[in-house]
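Lettering of chains follows the sequences in order, A, B, ..., and the numbering in each one begins at 1. Predicted, not measured: the structure shown is a model, and the values here were computed from it.
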There are 2 protein chains.
Amino acid sequence: MKRRPPVSIKTVAERAGVSPATVSNVLNAKPSVAPELIERVRSVVAELGYVTDSNASRLRSGKHSLAGVVVPDLSNPMFGTFVSTLETLAREDGFDLLVVSAANDVEQEKERLHAIRSWRPAGLIVIPCDGALSQRTPPSMHMPIVVVDRLPDAPDFDLIAVNNAQSAAAISAHLSEQGYRSCTVAGSMLSISNIRERWEGAASAAGDMTLSMVEVGLEAKGIRRRLHETLTQRRPEALFALDHITGLIAYQTMTDLGLSAPGDLAFACFDEAEWMRLVRPAITTVRQPIEEMATAAWQQLSRRMGGNADPVRTLRLACSVEVRGSTLREGGRSSTAA
Amino acid sequence: MKRRPPVSIKTVAERAGVSPATVSNVLNAKPSVAPELIERVRSVVAELGYVTDSNASRLRSGKHSLAGVVVPDLSNPMFGTFVSTLETLAREDGFDLLVVSAANDVEQEKERLHAIRSWRPAGLIVIPCDGALSQRTPPSMHMPIVVVDRLPDAPDFDLIAVNNAQSAAAISAHLSEQGYRSCTVAGSMLSISNIRERWEGAASAAGDMTLSMVEVGLEAKGIRRRLHETLTQRRPEALFALDHITGLIAYQTMTDLGLSAPGDLAFACFDEAEWMRLVRPAITTVRQPIEEMATAAWQQLSRRMGGNADPVRTLRLACSVEVRGSTLREGGRSSTAA
DNA sequence: AGTCTCCCGTAAAACGTTTTATGAAAAGCT
DNA sequence: AGCTTTTCATAAAACGTTTTACGGGAGACT
C-alpha cells in the first residue's frame, strides 16, 4: 500500500482555496459561510477522504467524545454483552468507548485505571475486580466514574448494581422449600463485594438448610480443584454457584464426577447463560439484567459528563429467578407449605 | 467530588520551579537532566497526580500508542476472547486498544471504520461483518490493517484466518463415515466469506451424503424461524451449524422440538463453546484457535506499525475437530473402512 | 455621494505536549 | 589566565485543530 502523507485540515484548505478556519467552520456547521465555499470544501473533503483528528479537536475545543470502560475480563460473556450495550448507547450520544480489561487482577486494574487517564476520557464506567476503587482512583482523578456490579469501598461513586442479597436469598429459600438439608455456596472471593452480598443473602434465607461457603478463587484450575474437593469429600445435597465462571466450572466438575442434577446434586447458579437452558435438566438461575445495567450506567455517566452535580446515587436493579429442573425434586414443592 | 482545574505539564513545571521542557525531559527519561531536578520533578508529579495527555503527546511527537480493533459483535464470546487476548499483547507493547463493534451490520461497520480513523490509531485489526472491506476503507485510509477470520474482498490486506474448508470437510467426512445419508448445513450467509468456505469444504467431502445449505441470516428470530422450518418440514439425518450463534440457536431449536442427538438428529457445530462439552451427549465441534489468531494478528500488525512493507501475507491456522457423542452412531465407526 | 452597519473570511492565538536550537555556565586543556 | 568544549536548561516552534478578534467589502440608509 503506497504511503502518502496524511491529509490535514491545511491540505484541505489549500486545495479548496480557503483558510483552515473556513474548513473548520464548514465541518462544524458554523453560521455565515458562503454556500459556494461550503460546497467547495465539502467536495475537497470527500475527494481527499479527510477525517478530523478528534484528539487535536478536543485539545483546542475542550469538547470530549471519548468515554472509558474498565471491566475485569472481556472473555466473560456477561462483560461482553455489557460493553456491547454500552457502545450502542454511547454512539447514540456521539461518544466512542475506550475499553480496557484488567485480566481479573487488581494490580492490572490499578495500572489500567492509570493508563486510561492519559487518553483524557470524559468519564469512566468501571466494573471493578473487587471494589477497592478508592485506592486506585487518586484525588487527582477528576473525571466522573460510575461503578457497576461490585460495590466500591468508598461512598464517592455512583453505583449501578443488582439486588444480590435478595436474589440469592430467593434461591436459598427455594432450595430449602424443596427439602434440601445441606447446600454448599461457591463463589470466587468474599472480598468481592457482590459475592459477599450474595453469600449473605443466601445465608439469611436458608431456613433449616445447612449452608457452607467455599471461596474458589478466580483462576480456573484452582476453581476446578476446590470444587472437586468440595464434591468428593462430603458432598452436599445442593450446590449454589455465585457467579458465571464458578457456575460453568461447577457444572463441568459435577458432570465429570458423574453426578446428575437434581438427584445426585441439586445445582443453581447466580448468572444466566444460554447453555444453562440447554442442558438437561435445565439449570435454576438468577438472571441479571445486563442490558438494563448498561443502560442505567450510561445514563448516569451522561448526566455526570453533562455537569450534573447531584449527590452520588445508587441504583439496584432486580434480577429474575428462573426455577428449572436442576433443583426441582419430584413432589418437592407440594410437600412444603407455601 | 470537588472539581479542581486539571493538572497540566505547566502546573508541574511551575510547582517544580523548572520549565515544561524540563518536565517533559524527565518524564521521557531524556539524558542531561541534573539529578536534583529529576527528583524534584518526580516528587511534584506524584504529589499532583499528573498524567501526561497521550493525545497531545502524539500530536507533537508523532509517536503512536493506540491501535484500533473492529469486531462484528462483542456479545459473541468468540470475539470477547479474541479482544481480551489482543489487549494483553497490545499492553505488552505499550499500546492501548480502541475497541468498536458493528452490531453485525455492514452500514454500522462502515460508520465505525470511518469514526475510528478520527482517533488516529496506528493500525487496525478488523474482523469484518462480511468481508467487503475495500468499500469501507477508502484510499485515504493509510493505516495498516490486519483482517481476521473473514476474507476481505481485495488482496490488499494481511489476513489471519483458519482452515475453514478443510475443517468443515473433516466434519462432513465424519458424518458420512458414520452413515448419515442426508445433512443440512446451516450458516448465516454465504456472502460472509468464512461461511462460504465452510460450506464449500463441507460440500467437497460429503461422499454419498446428500448435503443442502440453508442460509439462516444474522438476526436471532430469523435464525430460529428458518431452523424451525428446516427441522420440521423434511428433517435431515444430520445438522451442521457453521458458526457459533447458529449452533446455539440450532441446538435450542432441536431441544425445543424434542429431538435428541444423535438418534433423532446428529448435530455438529463449527465453533467450540464450553457448554457444548456440558450437554449430553456432548457436541461434535470444530474448535477454532482464537488465542493463536489474536496472537498472529497482533504480531503482524506490530510489524506493519513498525514500518514493515513486505508483501501482504495470509496465515491460515489449523482448527481441531472434536468428535463427541452428538454425531456418533452406535457401531457407526466400525461399519466403515478406514 | 457619504456614512454606518452587517456579513463573511481569515490571521493569529490557544489547547498540552515534545522537539529543536540556543545560550550560559562549568569543566578541561594549554 | 585564557580559550575551547561540553553540559544542561529552556525559549520558542510545531503538531492539528478550534476559537476569537479584526478587517474588508457589500449593502442599506440618508
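With sequence neighbours excluded, no residue forms a ring-ring contact (aromatic ring centres under 6.0 Å, His included) with A:Tyr50.
Residues B:Pro20 and B:Leu59 both approach DNA chain D. Their nearest nucleotides, taken by heavy-atom distance, put B:Pro20 toward the 5′ side. Looking at which nucleotide of DNA chain C each of A:Pro35 and B:Ser57 is closest to, the 5′-most match is held by A:Pro35. Projected onto DNA chain D by closest heavy-atom contact, B:Arg58 and B:Val33 fall at different nucleotides, the more 5' of which corresponds to B:Val33.
Rounded to 10°, the angle separating the first-five-pair axis and the last-five-pair axis of the helix from C:dA1-D:dT30 to C:dT30-D:dA1 equals 50°.
For B:Thr22, a side-chain nitrogen or oxygen approaches OP1 or OP2 of D:dT10 to under 4.0 Å.
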Go through the steps for B:Arg150 and B:Asp130 under the test salt bridge (Lys or Arg N to Asp or Glu O under 4.0 Å), then give the verdict. CA-CA 7 Å; B:Arg150 287 90 192 268; B:Asp130 63 0; over 6 Å; no
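Residue-level contact check: B:Ser54 touches neither bases nor backbone, having no heavy atom under 4.0 Å from any strand. Residue contacts shown for B:Ser61 are limited to sugar-phosphate atoms, with no base heavy atom under 4.0 Å away. Residue A:Ala34 is classed as a sugar-phosphate contact, given heavy-atom separations below 4.0 Å to backbone atoms only.
As a whole-Å value, the separation of B:Glu36 CD from D:dT7 P is 19 Å. The interatomic distance linking B:Ile38 (CD1) with D:dT7 (C1') rounds to 14 Å, in whole Å. Put simply, CD on B:Glu14 is 13 Å from P on D:dT10, counting in whole angstrom units. Across the protein-nucleic acid pair, A:Asn28 atom CG and D:dT19 atom C1' stand 10 Å apart, rounded to whole Å.
For the salt bridge (Lys or Arg N to Asp or Glu O under 4.0 Å) condition, the pairs that include at least one residue of residues 89-105 of chain B, sequence neighbours left out, are A:Arg112-B:Asp96, B:Glu87-B:Arg91. Residue pairs meeting the salt bridge (Lys or Arg N to Asp or Glu O under 4.0 Å) criterion with at least one partner in residues 27-37 of chain A, sequence neighbours excluded, are A:Glu36-A:Arg40.
Contact between B:Ala13 and B:Pro20 at its shortest, heavy atoms only, is CB-N, 3.5 Å. Taking every heavy atom of both residues into account, A:Pro121 and A:Leu124 meet most closely at CG-CD2, 4.0 Å.
Read 5' to 3', the first and last nucleotides of DNA chain C with an atom closer than 4.0 Å to a heavy atom of chain A are C:dC8 to C:dT17.
Salt bridge status for B:Arg58 with A:Asp53: present, with a side-chain N to carboxylate O gap under 4.0 Å.
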What donor-acceptor contacts under 3.5 angstrom involve side-chain atoms of residues 62-70 of chain A, with partners at least two apart or in another chain?
| unit_1 | atom_1 | unit_2 | atom_2 | d |
| --- | --- | --- | --- | --- |
| A:His64 | ND1 | A:Arg120 | O | 3.1 |

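Residue B:Gln108 qualifies as enclosed at atom CD: its count of foreign heavy atoms under 6.0 Å is above 12.
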